[in-house]
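Here's the structure, in structure tokens; my notes come after.
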Amino acid sequence: MLRLYDTASGTVTPLQLRDPGDVSMYVCGLTVYDVPHIGHGRAALVFDVLRRYLEFSGLRVRHVSNVTDIDDKIINRAATEGRAPEEVAEQYEEVWWQAVDALGVLRPTDAPHATAFVEKMVALIEELVRSGAAYETSDGVYLSVEKVDGYGLLAHQGLDSLRAGARVEVGEEKRSPLDFVLWKKAKPGEPTWGSPWGPGRPGWHTECVVMSLELLGDGFDLHGGGIDLVFPHHENERAQAVVWGRPFARHWAHHGLVTVGDEKMAKSLGNYTTLTDLLANTDPRAYRLLVLRAHYRSPIEVTAATLADAEEGLARLDALARRFELAPTLAAVTAAEAPGAGVDPVVLAAFTARMDDDLDTPAAVAGLFDLVRRANTAADAGREDVARALATTVAVLAGALGLELGSGRAEIDEASAALVRQRDHARAGRDWARADEIRERLEAEGWTVEDTSEGTRLHRRGG
RNA sequence: GGCGGCGUGGCCGAGUGGUUUAGGCAGGGGCCUGCAAAGCCCCGUACGGCGGUUCGAUUCCGCCCGCCGCCUCCA
């Protein structure tokens, strides 16, 4: 059984499911106002790995991830560019899904849009006002954190110390600086929805409570996101659920951020690389491997050097796939079926033990590389059956992590294929000069040339 | 200031109270190869500093130094 770090308790605890066999997880998606950067890519990869591993473990996963398609940033961008906010949101949502697909990340089972749930959000806010937990001001409706049992649970701080660090805006009508907005009254020209407090739009923290409970029901299993969402976003979601009287997430999972020179990558800092740029220059699997080689709660540096490192590692895995001509095994089997598919049961047990330990993917990946060496050694010694079993194991377990080996294989064009035939002929005739000349031509075309017992073999490295 | 976390060999990055101190990349040597490529073998004895606990700490405790995250929108 998977044990995961739970932000609420601050400990690694078993992920105990509400409905045994079924996992309900809600992952905070993004606000579609700009192109995604590689930090967003890591977020998608981390939860993709979690989801795939849960499925590999034999569980059914309902994975909900929202799209925030109404927000100040979208409105501002639309205003600046003289476009409709919906148009901006649609454009960047499309960019996001393309990047998700390119990363080999499974799309969520549900991707609700905030704008489709405004009526339900209004209903919730009305209820919170009625119960006395929320109050209206001249610019909106706010939740009074004083009314929330255990406010600060996720932040691991009490109300007093949170208040001590809070910034206070001039002219605010909030009763406490920690109170947060549930409904924003519209200014001229802004998109609006109707409400008892006049035209306006919901605050960010409300959409996730409403959509997660609506789609997954009370007491769903897991709520996740970046570690920077712990406070205030997730704290405030939970606060609304508490006052609403609805059991909320049983478990909270947060991942570490991508850093640049030890600093968080962020739009506001301007130190970001877009996901599109990354994917244009790098095999997406190399980025996945880079992400897997760090623990999901640790920060990772994504630099030319760490990416190159990951690409070399990936090349080693792909070389194994070439050597054994492994078929793609992405999510082909579950752990229960794996032994029947030729996976070494001892290795499988070690793999699941590592993954069950708070998703220790660095250790799991280390285990895979260890297997690569064992498979190659066995093959070098002529122990074909042993070697094949080990290589198959690597492919299946890598597949469980969403890493498809050998899929970077390139189609060989007819001209290159002809050169291969000529080179094999030359080598058969021991015409080394000719063979080397052809190899140079192929290498100039970007091929890596390998001689095997079956003759010349070509492959490409990198993306 | 409060809270959370981190500091491991050239780099990335797990892990552990003590026998052989993951794994990857880079580097050196060797084997294999017509030469390569791929692969295999060998080589690096690291755990921020100072104390304490202990027969013994990188691993436990305390203090210190440095760094990061959150406390404002943020994956």
To the nearest angstrom, how far is [X] atom [atom1] from [N] atom [atom2]?
| X | N | atom1 | atom2 | result |
| --- | --- | --- | --- | --- |
| A/L320 | B/A37 | CG | C1' | 16 Å |
| A/D71 | B/U72 | CG | P | 17 Å |
| A/E325 | B/A38 | CD | C1' | 14 Å |
| A/R323 | B/A37 | CZ | C1' | 13 Å |
| A/E301 | B/G7 | CD | C1' | 14 Å |
| A/D318 | B/G39 | CG | P | 11 Å |
| A/D228 | B/C68 | CG | P | 16 Å |

Would you measure the distance from the [atom1] atom in [N] across to the matching atom in [M] and give it in whole Å?
| N | M | atom1 | answer |
| --- | --- | --- | --- |
| B/G52 | B/G7 | P | 24 Å |
| B/G23 | B/C43 | P | 12 Å |
| B/C64 | B/A46 | P | 28 Å |
| B/A75 | B/C70 | P | 12 Å |
| B/C68 | B/G44 | C1' | 30 Å |
| B/U59 | B/G18 | P | 11 Å |

Provide the Watson-Crick or G-U wobble partner of [N], both distances under 3.5 Å; none if there is no partner.
| N | result |
| --- | --- |
| B/A22 | none |
| B/G62 | B/C50 |
| B/C73 | none |
| B/C35 | none |
| B/C40 | B/G30 |

### Task
Go through residues 150-157 of chain A and report each residue with a non-hydrogen atom lying under 4.0 Å from RNA chain B, sorted by number.
A/A155, A/H156, A/Q157

### Query
Do the side-chain N and O atoms of A/T306 and A/D309 include a donor-acceptor pair separated by under 3.5 angstrom?
no

### Query
Can you give one letter per nucleotide of nucleotides 22-35 of chain B, 5' to 3': B if a protein heavy atom sits under 4.0 Å from the base, S if only from the sugar-phosphate, - if neither?
BSBBS-------BB

Students often get this wrong, so: under 4.0 angstrom with heavy atoms, is [X] touching a base, only sugar-phosphate, or nothing?
| X | answer |
| --- | --- |
| A/V449 | base |
| A/A319 | sugar-phosphate |
| A/G29 | sugar-phosphate |

### Message
Would you say the rings of A/H234 and A/H254 are close, in the sense that their centroids are separated by under 6.0 Å?
### Response
yes

### Query
Looking at the rings of A/H251 and A/H223, which for Trp means the six-membered one, are their centres under 6.0 Å apart?
no

### Query
For A/R250, does the CZ atom sit with more than 12 other heavy atoms under 6.0 Å from it, leaving out its own atoms?
yes

### Task
Salt-bridge test for A/K147 and A/D179: reply yes if a basic N is under 4.0 Å from a carboxylate O, no otherwise.
no

### Query
Do A/R201 and A/E190 meet the salt-bridge criterion of a basic N to acidic O distance under 4.0 Å?
yes

### 5' precedence on RNA chain B between A/L162 and A/G225 (nearest-nucleotide basis)
A/L162

### Query
Mapping A/E450 and A/Y5 to their closest nucleotides on RNA chain B, which lands nearer the 5' end?
A/Y5

Nearest to the side chain of [X], heavy atoms from C-beta on, is which of [options]?
| X | options | value |
| --- | --- | --- |
| A/F231 | B/A75, B/G15, B/C71 | B/C71 |
| A/S161 | B/G2, B/A75, B/G13 | B/G2 |
| A/N376 | B/C40, B/C73, B/A37 | B/C40 |

### Query
Does the pair A/Y272 and A/I38 meet the rule for a side chain to side chain contact (heavy atoms under 4.5 Å, CB included), with working shown?
CA-CA 7 Å; A/Y272 60 91; A/I38 57 183; over 6 Å; no

#### Entry: Contact under 4.0 Å: A/T452 side-chain N or O vs B/G39 OP1/OP2
no

### Query
Are A/K264 and B/C70 close enough that a side-chain N or O sits under 4.0 Å from OP1 or OP2?
yes

### Message
Is the terminal nitrogen or CZ of A/R460 (NZ for Lys, CZ for Arg) located under 6.0 angstrom from the six-membered ring centre of A/W447 and within 45° of that ring's axis?
### Response
yes

### Query
Among A/E93, A/E90, A/Q91, which one satisfies side-chain contact (heavy atoms from CB on, under 4.5 Å) with A/V32?
A/E93

### Message
Applying side-chain hydrogen bond (donor to acceptor under 3.5 Å, both in side chains) to A/T115 and A/D69, what does each step give before you reach the verdict?
### Response
CA-CA 6 Å; A/T115 52; A/D69 58 349; 2.6 Å; yes

